Amino acid sequence: MAGTGRNLDLAAGIAAGDRRALARGITLVESGRADHRTEALALLEALKAAGQPAAGREALRIGLSGTPGVGKSTFIESFGLMLVAQGMRVAVLAVDPSSARSGGSILGDKTRMERLSREPRAFIRPSPSQAQLGGVARRTREAVALCEAAGFDVVLIETVGVGQSETVVSELCDIFVLLLAPAGGDELQGVKRGIMEMADLILVNKADGALKPAAMRTMADYAGALGLLRRRAQDPAGYPCAMSVSAETGDGLASAWEKMQALVAWRREGGHWQGRRAGQAQHWFEEEVRQGLLAVLAHEPARGQLARFGDAVAQGLMTPEVAAARMLDTLG
Ligand code: GDP
């Protein structure tokens, strides 16, 4: 395969935990060029063949969602620094559907997480600026795999809460954390039920200073709402749960981490962790096939089959169903 030697070097660099190699690897998997795609697949295969990471040593993938301003970057910085101080290696990635619209990125242009980014045990990757959420997420999944191969203990996957992106991130992570700001009671409506159902932990941020009473109220409201949800098979008693934290003062972060670890330990013991990862792998396989077929269709105008069958349908020579079936046959 073309570029295999170079990929082996890159794979070795990533497996050795070299952050520059990791950054180059992620750039490769994010590239839209066909030749880069071939290299990216070879790289992923090489890392897989190297057998990393060993079972039980996988990174913990934490999805983190919240609307702009709730304090995601402040939280990631404080939380990330706490984990780094405990000797862990922490990677931060982003899935950002809005970057396509703004042309910017949630992690890219702001000088965020400055202290965390200076830590040798941390790796922060700006979000890719590709057009389509599905595409971004597929490549983010590969970026997660590279971080895992590079030996990171925790991979934080950040997304702005816009509904669809949570669904995608929940297919990428082991546990899903929803960050909220203190609010009046009626704002409970603002969080869609589906997102609540996805969350393992709801953290009400900014529980400090004058905002603390409101944060505690909001936390109690969500704790009540979570109690009304049907218990999921993949949860021990008491989960999903709501807690209050302050990303600014660091209050509650250690407890939140304990809650996450307890949940992970329970899921590992019960096989839910492995089951979830297996289900996700299957999901992404099917998504790759779907996207691959769409790509074939996108090239179809050059082959002219779509236009030819379309004309036949328009002229009443074929029914739409038969024409579609014949058309799909030509793709095989
Ligand atoms: P993001 O858009 O979700 O990444 O939010 P940021 O981390 O940029 O934070 C938005 C604003 O909220 C900033 O002005 C932060 O200083 C502030 N903020 C974040 N976390 C806290 C917190 O725990 N307490 C308080 N009082 N303010 C916070």
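Predicted, not measured: the structure shown is a model, and the values here were computed from it. Order of listing sets the numbers, starting from 1, for every ligand and every atom in it.
The T67 neighbourhood of ligand 1 comprises atoms 3 (O), with distances under 4.0 Å to a heavy atom of that residue. Every atom of ligand 1 is numbered from 1 in the order shown, and the set under 4.0 Å from a heavy atom of S73 is 4 (O), 6 (P), 7 (O), 8 (O). Set against the non-hydrogen atoms of D208, the atoms of ligand 1 under 4.0 Å away are 22 (C), 23 (O), 24 (N), 25 (C), 26 (N).
Heavy-atom distances between T249 and ligand 1 stay at or above 4.0 Å for every pair. At a 4.0 Å cut-off, at least one heavy atom of P68 sits close enough to ligand 1 to count as contact. Residue G69 places a heavy atom under 4.0 Å from ligand 1.
With respect to C147, the side chain to side chain contact (heavy atoms under 4.5 Å, CB included) criterion is satisfied by exactly one of V155, V154, I14, V90: V155.
Inclusion of G71 in the set of residues having an N or O under 3.5 Å from an N or O of ligand 1 is warranted.
No donor-acceptor distance shorter than 3.5 angstrom exists from the side chain of E58 to the backbone of E148, with no hydrogens or angles considered.
Counting only heavy atoms from C-beta outward, the side chains of D153 and R121 never approach each other to under 4.5 Å. L263 is listed as a side-chain neighbour of D235, based on a closest heavy-atom distance under 4.5 Å.
Of the heavy atoms in V245, none comes closer than 4.0 Å to ligand 1. Here T74 has heavy atoms under 4.0 Å from ligand 1 in both its backbone and its side chain.
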Inset, instruction - Test side chain to side chain contact (heavy atoms under 4.5 Å, CB included) on K259 and C241 and set out the steps. - result: CA-CA 9 Å; K259 276 275 179 196; C241 60; 3.7 Å; yes
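Nearest residue to atom 21 (C) of ligand 1 from M113, E158, K212, K206 is K206 (criterion: closest heavy atom).
A single hydrophobic cluster is seen to contain both V29 and W284, as judged by linkage of ILVMFWY side chains at heavy-atom distances under 4.5 Å, directly or through other members.
Listed by first then second residue, pairs satisfying ring pair (Phe, Tyr, Trp, His ring centres under 6.0 Å) with a partner in residues 228-261 read F79-W257, not counting sequence neighbours.
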